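These notes concern the structure reproduced below.
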Protein chains: 2
Amino acid sequence: MNTCSYIKNARNDIPVDVLFELSEFFKFFGDTTRIRIIHLMLSGELSVNEIAEKLNLEQSVVSHQLRILRTANLVKPRREGRKMFYSLDDEHIGLIFNTGLTHILHKKGK
Amino acid sequence: MNTCSYIKNARNDIPVDVLFELSEFFKFFGDTTRIRIIHLMLSGELSVNEIAEKLNLEQSVVSHQLRILRTANLVKPRREGRKMFYSLDDEHIGLIFNTGLTHILHKKGK
DNA sequence: TGAAAATATGAATACTTGTTCATATATCAA
DNA sequence: TTGATATATGAACAAGTATTCATATTTTCA
């Protein structure tokens with residue numbers, strides 16, 4: 001009857017350090033530049049310059065944020081000549097993105 | 001073949017201001033104190049002092065963070081005499097919490 | 001009304017972090 | 001090797017924010 005897996009799987013004994021990691025993880029989604037980069041990557045991999053052009057951002061801004069996302073294993077790099085292509089490392093990233101998106105769109109609809 | 005629903009439901013035309021709101025939304029989960037408060041509330045409503053005691057935090061810290069969560073409609077207050085009880089406003093909050101938690105636990109398992 | 005309990009708030013501080021600018025590194029082509 | 005292209009990085013600055021401390025509200029009870 002209950003289709004919400006998050007309730008069935010609710011954990012009651014989460015260590016503080018795991019909660020800390022969880023908050024650190026959500027921080028990566030808590031920046032406009034990064035969320036726009038993640039959004040772009042939902043459609044596939046992109047080079048640094050492609051991202052910068054599509055988002056109308058300076059190259060260094062994109063590069064700085066990509067380093068953060070790469071260090072956190074949210075995106076993975078692939079070199080092709082002089083270009084670096086980045087793509088989402090984990091399929092869960094899109095799930096979290098869309099879960100949040102569904103939430104705010106749902107609230108806006110009211 | 002593709003079992004990832006987030007790809008099937010991918011939205012390609014998200015306005016920048018919606019992406020901004022989305023990042024602002026995720027910021028609420030990007031703080032240790034708030035994520036611990038949210039975690040506590042997954043089990044039900046709590047008074048301010050209960051939260052402060054369980055998390056070993058000063059009352060003003062909890063109150064400040066509750067104001068942020070309340071303003072963002074993540075939690076809702078209920079007065080009972082001198083006490084204020086707070087609970088999660090939206091059932092999606094728990095879903096997002098657990099989606100992120102599942103993700104980092106999955107990565108730790110590797 | 002006065003005191004106590006519970007919560008909220010304001011200002012100050014310290015800390016974090018995103019952007020900017022300049023520059024460095026890396027790769028390719030001639 | 002030299003120049004051009006693509007990306008990365010470091011330092012400095014500015015803006016945002018979580019915590020602390022003190023104090024203000026609000027409510028209950030004697």
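It should be emphasised that the depicted structure is a prediction, and the values quoted were computed from it without experimental measurement. Naming: A, B, ... by sequence-line order, numbering from 1 per chain.
Residues from residues 68-78 of chain A lying near DNA chain C, meaning a heavy-atom separation below 4.0 Å, are A:Ile68 in numerical order.
One can place CD1 of B:Ile37 at 14 Å from C1' of C:dT7, the figure rounded to the nearest angstrom. As rounded to whole Å, 14 Å separates atom P of C:dT27 from atom CD of A:Glu80. In this entry the distance linking CG of A:Asn49 with C1' of C:dT27 reads 14 Å, nearest Å. The CZ atom of A:Arg67 sits 7 Å away from the P atom of D:dG10 (whole-angstrom rounding).
Judged by distance alone, the side chain of A:Lys83 and the main-chain N or O of A:Val48 form no donor-acceptor pair under 3.5 Å. With A:Ser63 contributing its side chain and A:Gln59 its backbone, the two residues share no donor-acceptor pair below 3.5 Å.
Taking 4.0 angstrom as the limit, A:Thr33 places a side-chain polar atom (N or O) nearer than this to OP1 or OP2 of C:dT19.
Using a 4.0 Å heavy-atom cutoff across all strands shown, A:Tyr86 reaches sugar-phosphate atoms only and no base atom.
The minimum heavy-atom distance linking B:Thr32 with A:Ser23 is given by the pair OG1-OG, 3.3 Å.
Counting heavy atoms from C-beta on, the side chains of A:Phe29 and A:Arg34 never come closer than 4.5 Å.
Among D:dT17, D:dT9, D:dA6, the nucleotide with an atom closest to any side-chain atom of B:Lys27 is D:dT17. Of all nucleotides listed (C:dT19, C:dT7, D:dT7), D:dT7 comes nearest to the side chain of A:Ser63.
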Can you give one letter per nucleotide of nucleotides 20-26 of chain C, 5' to 3': B if a protein heavy atom sits under 4.0 Å from the base, S if only from the sugar-phosphate, - if neither? BBB----
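Applying the 6.0 Å contact sphere to CG of A:Asp17 captures more than 12 heavy atoms from other residues, nucleotides or ligands.
Note: A:His92 and B:His103 have perpendicular aromatic rings, judged against thresholds of 30 and 60 degrees for the angle between ring planes.
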